[in-house]
Amino acid sequence: MQFIDLKAQQDRIRDKIEANIRKVLDHGQYVMGPEIKELEQRLADYAGTRHAIGVSSGTDALLMPLMAWDVKPGDAVFTVAFTFIATAEVVQILGATPVFVDIDPETYNMDPIKLEEAILRVKSEGKLNPKLIIPVDLFGQPADYDEINAIAEKHGLLVLEDAAQGFGGVYKGKKAGSLAPVAATSFFPAKPLGAYGDGGMCFTDDDEMIGLLDSIRVHGQGSDKYNNVRIGINGRIDTLMAAILLPKFEIFQEEIELRQVVANRYSDQLKGLVKTPFVKDHNVSAWAQYSILHSERSKVMEGLKQEGIPTAIYYPKPLHLQDAFSNLGYGKGDLPVSERIAAEVFSIPMHPYLSKDDQDQIVEAIAKYAK
Ligand SMILES: *Cc1c(COP(=O)(O)O)cnc(C)c1O
């Protein structure tokens, strides 16, 4: 049994992927080839934004808007600690200061009440300039954007949606990727829309922002190639990745729906055995992960392993306790909800092609070891 079965998907569309790869080999535009523009247009249409720009990874999709906004030393960036390292790493790359906000104990997403408390605290301390909020759509479920965007507006802050796991999800009828002024997603192979290598995308309605991202993507280039008007990076997505993503995107919405079927079945059958995921009524999750809580996590995971069922922990150590952020001076107890969830959470196999038989086997094993 596989944690994520990429082969089942490949078997469905391998002909189309191979044909698209061949097309790229024929036209030879390996860098900034026509497939990139096509992918950008399709995904912008899907997300419901005016613009999308393909970039080299989800990490760079987070970094580049921060560069465009000139996030710099002295700036405070409010984000969560219960996430993948990249969310806060990009803040520190630019010398700015991540301010970690605790999460909601049900959704595991940023707690808007604690966000506002953190902003007020930073303002009253007067050492850092509150600049930006990065909510994460954790495990595929969009964060609380009405509340977060309202707090941002009230305090004059920017918002960047980390939709690396959320793309395909929906918040109050609007797609992830369109829930903040700028959003970032990832095409890492294991994400709901994954390529065969690294890639990512930024989404925005803002004409000025897309111009900045376009320039930053190619070393800060100006109107001609050798006139560099700002510091940028090599942030391009490869043509081959875009070519591979196009046929994958054709079946993406169907796959999101298949993930929902798998999630519903899990949630029905696991009720009472473990703490199952809570998705708000106004949300559709992209189900990047199906994550459950159990107070004796290692016992259950070990039992599942013996039955040949793979599991994974996202995330065993919240960022405020990671060595990479030790400069910030956080300690145990600073984010109690993040710490408790990190101690109990683990994820079980989740992908669109998980068979009913495999699922029954997983549920049975959990029932056996979770008692
Ligand atoms: C995967 C992920 C990223 C980074 O994406 P990469 O494409 O691996 O660079 C950022 N944030 C979150 C929440 C992620 O899950």
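Residue numbers run from 1 in the order of the sequence given. First listed ligand is number 1; within each ligand, the first listed atom is number 1.
Near Q165, the atoms of ligand 1 lying under 4.0 angstrom from a non-hydrogen atom of the residue are 13 (C), 14 (C), 15 (O). Short contacts between ligand 1 and K191, defined as distances under 4.0 Å to a heavy atom of the residue, involve ligand atoms 1 (C), 2 (C), 3 (C), 14 (C), 15 (O). Using a 4.0 Å cut-off to heavy atoms of T83, the atoms of ligand 1 that qualify are 13 (C). Within the listing of ligand 1, atoms 13 (C) sit less than 4.0 angstrom from a heavy atom of V136. Those atoms of ligand 1 that come under 4.0 Å of a heavy atom in A86, given as number and element, are 4 (C), 10 (C). Listed by atom number, the atoms of ligand 1 under 4.0 Å from S186 heavy atoms are 5 (O), 6 (P), 7 (O).
With hydrogens left out, the protein atom closest to atom 11 (N) of ligand 1 is D162 OD2, 2.8 Å, a heavy atom.
A salt bridge does not link R259 to E255: none of the charged nitrogens lies less than 4.0 Å from a carboxylate oxygen.
Counting only distance, with no hydrogens or angles, the side chain of D104 and the backbone of E106 share a donor-acceptor pair below 3.5 Å. Side chain of Q10 to main chain of L6: no donor-acceptor pair is present (N/O by atom type, distance under 3.5 Å, no hydrogens or angles).
In this structure, Y290 and Y266 have tilted ring planes: the angle between them lies in the 30° to 60° band.
For ligand 1, the polar-atom distance check against T59 finds a nitrogen or oxygen pair separated by under 3.5 Å. For a threshold of 3.5 Å applied to N or O pairs, the pair formed by G58 and ligand 1 contains at least one separation below that value.
Aromatic ring centres of Y108 and F278 lie farther apart than the 6.0 Å criterion allows.
Atom OG1 of T87 is separated from atom CG of L319 by 7.0 Å, given to the nearest 0.5 angstrom.
Stacking of K175 on the aromatic ring of Y46 is recorded, both the 6.0 Å distance cut-off and the 45° axial limit being met.
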